[in-house]
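Note sheet for the following structure.
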Amino acid sequence: MRQYKILFIAAFRPCEDAEFYKTGLENAGHSVLSVDPEKAGNPKEKIEEILRNNDIDFILYTKDELPVEVMQGFKRHTRLVQWYPDSTIPDWLPPYVRVPDIFITMSEGLVEELKKYNPKVFFLSQAFAPSFFQINEISDRDIKTYSTDVTFVGTLGSKPWYLPRRTYLQTVIKNGFQLKWWGPRLPRKLSTLPLICGALGRAYGGRFVRGEEHAKICRLSKIYLAFDAMPHIRKSMSERLYIAVGCGAFYMCRHVEGIEEVLEPGKEIVTFQSKNEMIDMIQYYLKHDEQRIEIARAGQHRVLKEHTYEVRLKQLVQIIESVFS
């Protein structure tokens with residue numbers, strides 16, 4: 001496979017997508033120059049300087065890091081590839097879809113809708129970056145902090161697609177299971193005070209988790225519960241699926257259309273369709289440790305074999321070569 005020189009435009013934060021993508025590309029042998037628009041004094045000027053002084057094969061970016069007209073201007077120098085990491089189409093997105101030579105979505109079910117704006121739209125799911133989730137040691141304090149029957153990592157914000165998560169988690173608590181959840185704090189509004197002061201608020205771990213801390217949660221929780229934002233959109237699984245299963249969690253999620261083509265329910269993960277089914281499965285698997293551990297191990301083995309960013313970014317390059325060749 002040809003080695004490329006890539007300019008990567010993204011907001012770099014510890015243990016998040018940009019770091020995963022850059023490391024995956026470098027591990028595959030590509031040369032990556034990067035610009036973080038949030039940290040660069042004049043990102044447009046810095047990018048243009050890089051384009052003048054380097055033979056860049058293509059620019060890779062993810063969201064609306066720079067105004068759409070600025071991204072359009074970079075096409076005078078090289079090709080553009082956007083890999084969009086969300087499962088919704090907000091109002092700002094369509095103009096960005098039109099600009100790049102290739103637009104890639106992490107939700108297969110959005111491909112046809114996005115092709116209305118750009119014929120070169122492809123699907124590529126997210127993945128797992130093992131080197132960012134290594135556990136150095138597990139202390140007695142870790143065991144006390146992270147061990148639980150059921151854990152949830154994610155957002156319980158006020159957007160419509162997040163609200164059902166609250167009711168699912170409250171159902172877990174009402175049925176007597178020990179729950180801990182981690183993520184951004186519940187928004188402090190009059191309407192959320194009962195949640196914050198109630199059982200759901202008391203189950204909060206106190207922070208968003210990344211890297212080694214997230215891996216410890218996966219290792220020490222008996223059941224890692226997940227709710228993708230758009231389960232009706234085919235293969236719209238979030239990166240959290242790959243992180244949790246890759247870290248060895250027993251992963252139980254609300255069924256996402258097409259997920260069975262990624263990880264096999266009942267053998268590598270477990271899925272449910274309703275609150276009642278979720279509760280039945282939690283009760284069952286908490287009583288069957290061997291089955292739970294076997295499923296977690298099988299899922300982890302497959303993620304480490306098929307769904308790492310090193311594998312995924314090779315697939316990204318294959319898509320690019322199929323269009324540019």
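Sequential numbering from 1 along the given sequence is applied to the chain's residues.
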**Asked** Take atom CG in N53; do more than 12 heavy atoms of anything else shown fall under 6.0 Å from it?
**Response** yes
**Request:** Find the distance between OG1 (T105) and CG (L110) and round it off to the nearest 0.5 Å.
**Result:** 4.5 Å
**Request:** Specify the closest pair of heavy atoms between G246 and V303, including all atoms of both residues, with the distance to one decimal.
**Result:** CA-CG1, 3.8 Å
**Asked** Yes or no on salt bridge (Lys or Arg N to Asp or Glu O under 4.0 Å) for D86 and K63, after CA distance, side-chain angles and deciding distance?
**Response** CA-CA 9 Å; D86 288 329; K63 291 189 176 183; 2.9 Å; yes
**Asked** For the residue pair Y224 and A249, what are the closest heavy atoms and their distance?
**Response** CB-CB, 3.8 Å
**Prompt:** Hey, does the side chain of R292 reach the backbone of Y285 with a donor-acceptor pair shorter than 3.5 angstrom?
**Reply:** yes
**Prompt:** Should V81 and D101 count as side-chain neighbours, where that means a heavy-atom distance under 4.5 Å?
**Reply:** no
**Request:** Please test R234 against E261 for salt bridge (Lys or Arg N to Asp or Glu O under 4.0 Å), starting from the C-alpha separation and ending with a verdict.
**Result:** CA-CA 10 Å; R234 180 174 171 78; E261 297 175 17; 2.6 Å; yes
**Message:** Are I59 and V32 connected into the same hydrophobic cluster when the rule is that any two of I, L, V, M, F, W, Y join if their side-chain heavy atoms are below 4.5 Å apart?
**Reply:** no
**Item:** Hydrophobic cluster membership, L33 vs Y4, 4.5 Å side-chain cutoff
**Value:** no
**Request:** For R207 and P184, indicate whether the former's side chain and the latter's backbone hold a donor-acceptor pair under 3.5 Å.
**Result:** no
**Message:** I'd like to know if the side chain of Q300 pairs up with that of R297 as donor and acceptor (distance under 3.5 Å, no hydrogens or angles considered).
**Reply:** no
**Prompt:** Linking I/L/V/M/F/W/Y whenever their side-chain heavy atoms sit closer than 4.5 Å, directly or via other members, would V270 and F177 fall into one cluster?
**Reply:** yes
**Item:** W181 ring center near Y204 ring center (under 6.0 Å)
**Value:** yes
**Message:** With heavy-atom distances below 4.5 Å as the criterion, would you say the side chains of T192 and L156 are in contact?
**Reply:** no
**Complete:** Minimal heavy-atom distance between S34 and K22, with the atoms involved, is OG-CE, 3.7 Å
**Request:** Apply the test ring-ring contact (aromatic ring centres under 6.0 Å, His included) to residues F128 and F133: give CA-CA distance (whole Å), side-chain angles for both, the deciding distance (0.1 Å), then the verdict.
**Result:** CA-CA 9 Å; F128 178 52; F133 295 88; 5.5 Å; yes
**Request:** Measure from the side-chain N and O atoms of E65 to the backbone N and O of T62, and report whether any donor-acceptor pair falls under 3.5 Å.
**Result:** yes
**Asked** Are Q134 and S131 linked by a side-chain donor-acceptor pair shorter than 3.5 Å?
**Response** no
**Prompt:** Do N118 side-chain atoms and V121 backbone N/O form a donor-acceptor pair below 3.5 Å?
**Reply:** no
**Message:** Does R254, at its CZ atom, have more than 12 non-hydrogen atoms belonging to other residues, nucleotides or ligands within less than 6.0 Å?
**Reply:** yes
**Request:** Validate the cation-pi geometry between K180 and F152: distance from NZ or CZ to the six-membered ring centre under 6.0 Å, angle to the ring axis within 45°.
**Result:** no
**Item:** E268 and Y251: CA distance, side-chain angles, deciding distance, side-chain hydrogen bond (donor to acceptor under 3.5 Å, both in side chains) verdict
**Value:** CA-CA 8 Å; E268 296 164 332; Y251 190 84; over 6 Å; no
**Prompt:** Is there a side-chain contact between V150 and K222 (heavy atoms, below 4.5 Å)?
**Reply:** no
**Message:** Applying the ring pair (Phe, Tyr, Trp, His ring centres under 6.0 Å) criterion to Y21, which one of F12, F132, Y309, Y61 satisfies it?
**Reply:** Y309
**Message:** Tell me whether E257 is salt-bridged to K235, with the criterion being a basic N under 4.0 Å from an acidic carboxylate O.
**Reply:** no
**Message:** Closer than 4.0 angstrom, basic N to acidic O: yes or no for R13 and E38?
**Reply:** yes
**Prompt:** Backbone N or O of I196 within a donor-acceptor pair of the R185 side chain at under 3.5 Å?
**Reply:** no
**Message:** Take a 6.0 Å sphere around NZ of K267 and say whether it holds more than 12 heavy atoms from other residues, nucleotides or ligands.
**Reply:** no
**Asked** If two hydrophobic side chains count as joined below 4.5 Å and joins carry through other members, does I173 share a cluster with L193?
**Response** no
**Message:** I'd like to know if the side chain of Y84 and the backbone of T88 have a donor-acceptor N/O pair within less than 3.5 Å.
**Reply:** yes
**Message:** Counting C-beta onward and ignoring hydrogens, is there a side-chain heavy-atom pair between L66 and K44 closer than 4.5 Å?
**Reply:** no
**Asked** Are D149 and I223 close enough that some pair of their side-chain heavy atoms sits under 4.5 Å apart?
**Response** no
**Minimum heavy-atom distance between Q126 and M237, given as atom pair plus value** = OE1-O, 4.5 Å
**Prompt:** Where do T151 and Y146 land on the side-chain hydrogen bond (donor to acceptor under 3.5 Å, both in side chains) test, with the steps shown first?
**Reply:** CA-CA 9 Å; T151 198; Y146 305 123; over 6 Å; no
**Message:** With heavy-atom distances below 4.5 Å as the criterion, would you say the side chains of L225 and L169 are in contact?
**Reply:** yes
**Message:** Could you walk me through whether K120 and F122 satisfy the side chain to side chain contact (heavy atoms under 4.5 Å, CB included) test, starting with their C-alpha distance in whole Å, then the side-chain angles of each, then the deciding distance to 0.1 Å, before giving a yes or no?
**Reply:** CA-CA 7 Å; K120 301 296 185 182; F122 298 86; 4.3 Å; yes
**Request:** Tell me, yes or no, whether the heavy-atom count around N42 atom CG, taken from other residues, nucleotides or ligands under 6.0 Å, exceeds 12.
**Result:** yes
**Asked** So, do W83 and F8 have ring centers that fall under 6.0 Å from each other?
**Response** no
**Prompt:** Can you list the steps and then say if Q82 with V99 is a side chain to side chain contact (heavy atoms under 4.5 Å, CB included)?
**Reply:** CA-CA 9 Å; Q82 183 169 1; V99 170; over 6 Å; no
**Closest contact, heavy atoms only, V35 versus P43** = CG1-CB, 4.5 Å
**Request:** Kindly say whether D57 contributes a backbone atom to a donor-acceptor pair with the side chain of R79 at under 3.5 angstrom?
**Result:** no
**Item:** Heavy-atom closest pair, residues L60 and I6
**Value:** CB-CG2, 4.1 Å
**Prompt:** Should I104 and I89 be regarded as members of a common hydrophobic cluster, given that ILVMFWY residues are connected when their side-chain heavy atoms come within less than 4.5 Å of each other, either directly or indirectly?
**Reply:** no
**Request:** Would you indicate whether the side-chain heavy atoms of L263 and V245 approach each other to under 4.5 Å?
**Result:** yes
**Asked** Does Y284 offer a backbone N or O that forms a donor-acceptor pair with the side chain of H288 under 3.5 Å?
**Response** yes
**Item:** Exam field: side chain E321 to backbone I319, donor-acceptor pair closer than 3.5 Å
**Value:** no
**Prompt:** So does D142 pair up with K216, basic N to acidic O under 4.0 Å?
**Reply:** yes
**Request:** Could you go through the side chain to side chain contact (heavy atoms under 4.5 Å, CB included) check for Y168 and F227 one step at a time?
**Result:** CA-CA 9 Å; Y168 272 94; F227 309 92; 3.4 Å; yes
**Asked** Above 12 or not: heavy atoms from other molecules or residues under 6.0 Å from CD of Q291?
**Response** yes
**Message:** If you apply the rule side chain to side chain contact (heavy atoms under 4.5 Å, CB included), what do you find for Q283 with I279, and how did you get there?
**Reply:** CA-CA 6 Å; Q283 290 174 333; I279 295 301; 4.0 Å; yes
**Asked** S221 side chain to S147 main-chain N or O, any donor-acceptor pair under 3.5 Å?
**Response** no
**Asked** Around atom CD of E290, are there more than 12 heavy atoms of other residues, nucleotides or ligands at under 6.0 Å?
**Response** no
**Request:** Side-chain contact test, heavy atoms from C-beta onward, threshold under 4.5 Å: evaluate it for D228 versus S87 and give yes or no.
**Result:** no
**Prompt:** About how many Å separate CD1 of I47 and CZ of R52, when rounded to the nearest 0.5 Å?
**Reply:** 11.5 Å
**Message:** Tell me if the NZ atom of K275 is crowded by more than 12 foreign heavy atoms within 6.0 Å.
**Reply:** yes
**Prompt:** Does the distance from a Lys or Arg side-chain N to an Asp or Glu carboxylate O, for R210 and E213, drop under 4.0 Å?
**Reply:** no
